[in-house]
Amino acid sequence: MYTSVVRLQNVFGFFTTVAFVVAAFIAASDFLTERAPIVRTLKTTSVQVVRGRPHYYSSKKEEYAVINFSLDADLSSLFTWNTKQVFVYVTAEWPAADHAKTNATNEAVIWDTIITSPSADHLANIGPVAMKKLRKSAGGKSIDPNRGKLSLKNQRHKYKITHPSGKLAMTDNVTLRLHYNVQPWVGLLTWDQDVDYGYWKALKNGVSKRFKLPAIKEKKPASAGAR
Amino acid sequence: MAEQLLDQVRDVAEGQIDFEGQKLVELLVNVTLALTGVVSFLVGYILQDIKLALQIGLAGTALTFILVVPPWPFYNRNPVKWLQVGGGLVPPQSLIVDEKSFR
């Protein structure tokens, strides 16, 4: 501590220790906050299977499921002071062909979105007008639980899904499932859970009813006749 | 002349402080930084605002740097009194080194 340089090093050294400890406390504070996400509605509104190509020059034809859905969910309890953003996604899941032997499940994302916390609005990858609107929606609050309230009616799918085999039509026992991934400022990433851990409750009602994918949509006779 | 000037520049750049000052600096660093950490966490947690916690933490650290790094005059209130070169002073009456006394 005799010269300025030594004092500089000492202060910085202790600062890193303090910063680490405070960060650890912030991360730990997550475990004391209750999480009780709930899904009120998750159902398909229209399901189609169409034939298509993975890309324009592909000669391979595959079957694609086009699933639109309605979702009403309350994830507001996921937003605390340590939440940076929440990644929400809906998957379609169905048992694999050899499910009885392997217990394997097919799972594909049909829709996703990123919900930023007001403290992370500046990181959102959107244009200036949308950014202004997003910042305004927080109303100056440091956390905005309202952002966790999702209400989608007949939401268009974001991704068409297929299967490595290229066959999807008439698949039975398909369910939609809501997932989330909480990304904190400090601490561990956490995903939706099936069981309760302390104050963190499992996602309630996050699976839709089972449904069957329809047969491939037939082309209309008129367009089929024209070459 | 140039040598004197260089000496002055070196003194300012090195920023030496005395032993009592070093003890005080040690205490100040530990207390201010720890307090900054505690305050930033508590304020952030109570107001649920992580940006504020970060700002308090960084501001407190910046203050600590300003308080501690430059050789402020109050760190040099107890300069060491060296004996004069060539024994200007009478040596102390009993000087004990390794339990042997020197006279």
Side-chain angles (χ1 to χ4, degrees), chain A residues 1-34 76-85 116-123 135 138-148 182-187, chain B residues 9-72 74-76 78-80:
Chain A
M1 294 296 218
Y2 185 45
T3 61
S4 288
V5 175
V6 175
R7 290 195 293 278
L8 194 80
Q9 287 179 325
N10 265 283
V11 178
F12 186 76
F14 190 47
F15 161 69
T16 55
T17 306
V18 170
F20 180 81
V21 171
V22 171
F25 269 86
I26 292 173
S29 77
D30 276 357
F31 297 111
L32 301 176
T33 321
E34 189 174 52
S76 51
S77 61
L78 304 180
F79 288 84
T80 67
W81 72 316
N82 191 23
T83 307
K84 183 158 100 186
Q85 59 188 22
T116 55
S117 185
S119 55
D121 276 352
H122 59 285
L123 299 172
R135 280 172 182 275
K141 289 195 294 274
S142 55
I143 51 172
D144 184 7
N146 282 330
R147 297 220 176 146
V182 180
Q183 303 175 10
W185 281 108
V186 205
Chain B
V9 169
R10 201 180 57 210
D11 277 353
V12 171
E14 282 191 351
Q16 297 173 352
I17 59 176
D18 63 39
F19 290 121
E20 290 298 317
Q22 292 176 47
K23 204 173 151 190
L24 182 65
V25 160
E26 186 102 32
L27 184 75
L28 278 176
V29 170
N30 289 342
V31 169
T32 50
L33 279 183
L35 208 68
T36 299
V38 171
V39 168
S40 76
F41 176 77
L42 287 181
V43 171
Y45 186 68
I46 290 164
L47 298 180
Q48 290 283 296
D49 190 342
I50 201 156
K51 263 187 195 168
L52 190 65
L54 183 71
Q55 283 161 355
I56 292 173
L58 290 181
T61 306
L63 278 179
T64 309
F65 271 106
I66 292 167
L67 183 70
V68 158
V69 173
W72 299 112
F74 58 87
Y75 293 132
N76 274 318
N78 302 290
V80 179

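Protein chains get the first letters and strands the later ones, always in sequence-line order, with residue 1 at the start of each.
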Original post:
Given side chains that start at C-beta, do those of A:S142 and B:L52 come closer than 4.5 Å, heavy atoms only?
Top reply: no
Subject >> Aromatic ring pairing B:Y45/A:W81, orientation class (parallel under 30°, perpendicular over 60°, tilted between) >> reply: perpendicular
Original post:
Picking from A:T17, A:V21, A:T3, A:T80, which has the most non-hydrogen pairs under 4.5 angstrom with chain B?
Top reply: A:T3
Original post:
Could you walk me through whether A:N10 and B:V29 pass the side chain to side chain contact (heavy atoms under 4.5 Å, CB included) check?
Top reply: CA-CA 8 Å; A:N10 265 283; B:V29 170; 5.8 Å; no
**OP:** With sequence neighbours left out, write down each residue that passes side-chain contact (heavy atoms from CB on, under 4.5 Å) with A:I143, or none if nothing qualifies.
**Re:** A:S117, B:Q48
Could you tell me which portion of [X] (side chain, backbone, both or neither) has an atom closer than 4.5 angstrom to a non-hydrogen atom of chain A?
X	answer
B:A13	backbone
B:L54	neither
B:N30	both

Subject >> B:V69 backbone acceptor or donor facing A:S4 side chain under 3.5 Å >> reply: yes
Subject >> A:R7 side chain to B:F65 backbone, donor-acceptor under 3.5 Å >> reply: no
**OP:** Measure across A:V18 and B:G37 and return the closest heavy-atom pair with its distance rounded to 0.1 Å.
**Re:** CG1-CA, 3.8 Å
Subject >> Partners passing side chain to side chain donor-acceptor pair (under 3.5 Å) against B:T61 (at least two apart in sequence or in another chain) >> reply: none
Original post:
What's the spacing between A:F15 CZ and B:L58 CG if we round to 0.5 Å?
Top reply: 5.5 Å
Subject >> Nearest-0.5 Å distance, OG1 of residue B:T64 to CZ of residue A:F12 >> reply: 13.0 Å
Original post:
Looking at B:D18, B:D49, B:I17, which one has more heavy-atom pairs under 4.5 Å with chain A than the rest?
Top reply: B:I17
**OP:** Count the heavy atoms belonging to other residues, nucleotides or ligands that lie under 6.0 Å from NZ of B:K23, then report whether that count exceeds 12.
**Re:** no
